[in-house]
There are 2 protein chains.
Amino acid sequence: MKLPCPITGPKPYHHGDLRRALLEAASRVLEREGPNALSLRAVAREAGVSPAAPYHHFKDKSELMLAISEEGFDQLYKFMLQSSDPDAPPMERVAAIGVAYVEFAKAHPSIYRVMYDCSRDLESLPDKAHKAEDGAFSLLKKAMIDLGVVSSDQEVDLELACIAAWCAAHGLAEMVGFRQFDSLKAKMGGEKAFLAGVLSHLGMFGQARNRG
Amino acid sequence: MKLPCPITGPKPYHHGDLRRALLEAASRVLEREGPNALSLRAVAREAGVSPAAPYHHFKDKSELMLAISEEGFDQLYKFMLQSSDPDAPPMERVAAIGVAYVEFAKAHPSIYRVMYDCSRDLESLPDKAHKAEDGAFSLLKKAMIDLGVVSSDQEVDLELACIAAWCAAHGLAEMVGFRQFDSLKAKMGGEKAFLAGVLSHLGMFGQARNRG
DNA sequence: TCTCAATCTAAACGTTGTCAAGATGAACTT
DNA sequence: AAGTTCATCTTGACAACGTTTAGATTGAGA
C-alpha cells in the first residue's frame with residue numbers, strides 16, 4: 001500500500017519513519033512560513049498525517065521543538081567545522097568560528113529562533129550544543145585552547161573565555177537581524193564589514209576585521 | 001458606580017484608564033505565571049474586563065506586547081541610570097552599565113523575554129531602547145564617548161563599539177539563565193564572580209572584574 | 001494464520017486571538 | 001435639563017491551536 005521510502009533504510013512501521021518525516025516537514029514549514037507558523041498541527045499537515053500522529057513520536061510540542069533545536073545546533077556545528085581550517089593559526093580559527101556562527105544565524109533565522117526559544121523554555125542549551133564532544137561549544141573550546149589565552153586558573157578561565165565568545169556571537173547574531181543597523185551597514189559598504197567591525201570590538205575576536 | 005482611582009488623575013471613560021490597567025495587569029501575570037502564560041485573555045481576565053476590551057486600546061496582541069516591551073526598556077534605562085554614577089571614571093561607568101543590564105535581565109527574566117520576543121517579531125528594537133535620547137542605548141553611547149575608545153572613523157567606530165557592548169551584554173544576559181553554567185558559578189563562589197569573569201573577557205568591559 | 005502491539009485516525013475538549021453586533025454611559029449640544 | 005453622540009465595554013461567535021481518548025489499521029512474530 002504505502003511504498004517504503006527507498007532511501008530511508010529499514011521502514012519501521014506504517015509510515016516509514018514518521019519521526020524523521022516530521023522533522024523534515026517542520027524544517028519546510030519553518031523556511032516557508034517562519035517560526036510563528038510552526039504549530040504541531042501545521043507540521044502534521046505538512047507531513048500528511050493527522051494532528052494526533054506526532055504524539056506517538058514526541059511527548060508534546062516542546063519535545064518536537066527540542067528535536068528541531070538539536071538538529072539546528074548540529075547543523076551549526078557542521079557549518080562551523082567546515083568554515084574553520086584546522087591548520088590555520090588559532091586566532092584566525094577562532095575568528096572564523098565566530099563569523100560562521102553569526103552567518104549561520106543570518107542564513108537560517110527561523111531555525112536559529114527555534115534553537116533559542118526552546119533553550120529559554122528549558123533554561124538550558126541542548127547537550128548537542130554544549131556538552132557533546134562533537135558539538136559547537138567543544139569546537140570553540142578546542143580552538144580556544146590552541147589560542148592559549150587562559151591565565152592563572154586554567155580550567156575556569158578557559159571556560160569563561162569560551163562563554164564570553166559564545167555570548168558575543170549570540171548577541172551579535174540577534175542584533176544583525178534588527179533594522180536599526182541597516183543604515184550603518186550601508187554606510188560601511190555591506191553587512192560583512194559591519195559584522196567584522198563589531199567583532200573587532202569584542203575581545204577574543206579582534207582579528208575578525210582581517211578576514212575577507 | 002465605578003469609583004475613579006483617586007490617583008490616576010482625570011478618569012477618561014468607563015473604566016478609568018484601561019490601557020494603563022492592562023499594562024499593569026500584564027506585568028502581574030508576567031511575574032506570577034511567566035511569559036508563556038501571557039495571553040491577551042489572561043491579561044483581560046487579570047484586569048477584570050472582557051476578552052475583547054483590550055482591542056479598544058491595542059490593535060492586536062502584538063501591539064500590547066510592544067507596549068510591555070517599551071515599558072521594559074524604559075525600566076531598564078532607569079535602572080542603568082541609577083546604577084552608574086555620572087561622576088565616576090568613564091571605564092567604571094561603562095562597566096557599571098553593562099553589569100546593570102545583565103542584572104536587570106536576571107532580576108526580571110519574564111519582562112526581558114517579552115522585550116526581545118517582541119523585537120525579534122518586528123525585526124527591530126523599540127525606539128524607546130535605541131533611538132530615544134532618554135533610552136538605554138543613548139546612555140551607553142554617552143559613557144562610551146567619555147571613554148574615548150573611538151579610532152579613525154569617529155562616528156562609525158563609536159556606533160560599532162556601542163553595538164558590540166550591547167551584543168555582549170545581551171548575549172551574557174541570555175546565557176546566565178542557562179543551567180549549564182551553574183556548576184561553574186558555584187565553583188567561582190557565586191553568580192556575581194561568574195558575571196565579572198565573563199565580562200572581563202569581553203572587550204569593552206575589561207574593568208568589570210574590579211567591581212564589588 | 002492468528003495474535004499483538006505499535007502506529008495512525010476520528011472526534012472531542014478547553015484555550016487562544018479576533019471580530020461583528022449590541023449595550024452602556026460620559027460629555028457635548030441646545 | 002433633556003437628548004444625542006460616540007468612545008468604551010460586553011456578548012457571542014469563529015477558526016486554529018495543543019492535547020486526550022477511543023477506536024481502526026497493519027507489520028511482525030507465534
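Labels below follow one simple rule: chain letters A, B, ... track the order of the sequence lines, proteins then strands, and each chain is numbered from 1.
- Following rounding to the nearest Å, A:Asn36 (CG) and D:dC17 (P) show an atom-to-atom distance of 12 Å.
- Nucleotides of DNA chain C nearest to A:Ser50 and A:Arg41 differ in position, and the one nearer the 5' end is that of A:Ser50.
- Within the nucleic acid shown, B:Arg19 has no heavy atom closer than 4.0 Å to any nucleic acid atom.
- If you measure from atom CG of A:Asp17 to atom C1' of C:dA6, you get 14 Å, rounded to the nearest angstrom.
- The nearest whole Å value for the distance from the CZ atom in A:Phe58 to the C1' atom in C:dT7 is 14 Å.
- Rounded to whole angstrom, the span from the CG atom of B:Leu40 across to the C1' atom of D:dA15 amounts to 16 Å.
- The distance from atom CD1 of B:Ile68 to atom CG of B:Leu30, rounded to the nearest 0.5 Å, is 6.5 Å.
- Side-chain proximity of B:Ala52 to C:dT18, D:dT8, C:dA20: nearest is C:dA20.
- The shortest distance between side-chain heavy atoms of A:Ile111 and A:Glu31 falls below 4.5 Å.
- Annotation: cation-pi geometry satisfied between B:Lys185 and B:Phe194 (NZ/CZ under 6.0 angstrom from ring centroid, within 45° of ring axis).
- Ranking D:dT11, C:dT16, D:dT10 by closeness to the B:Arg45 side chain, first place goes to C:dT16.
- Ranked by how close their nearest DNA chain D nucleotide is to the 5' end, A:His56 and A:Pro51 are led by A:Pro51.
- Distance check: A:Leu22 CG to A:His56 NE2 gives 11.5 Å after rounding to the nearest 0.5 Å.
- Closest contact between the side chain of A:Asp60 and the listed nucleotides D:dT10, C:dT9, D:dT19 involves D:dT19.
- To the nearest angstrom, P of D:dG18 lies 15 Å from CD of A:Glu63.
- The CG-C1' distance, from B:Leu64 to C:dT16, rounds to 14 Å in whole Å.
- For the atom pair A:Lys106 NZ and A:Tyr112 OH, the distance stands at 12.5 Å (nearest 0.5 Å).
- Side-chain atoms of B:Ser39 lie closest to C:dG17 of the nucleotides D:dT10, C:dT9, C:dG17.
- Of the candidates C:dG17, D:dT19, D:dC9, C:dG17 carries the atom nearest the B:Tyr55 side chain, counting heavy atoms from C-beta on.
- Residue A:His57 places at least one side-chain N or O under 4.0 Å from the OP1 or OP2 atom of C:dC8.
- A:Leu18 has its CG atom 15 Å from the C1' atom of D:dT25, to the nearest Å.
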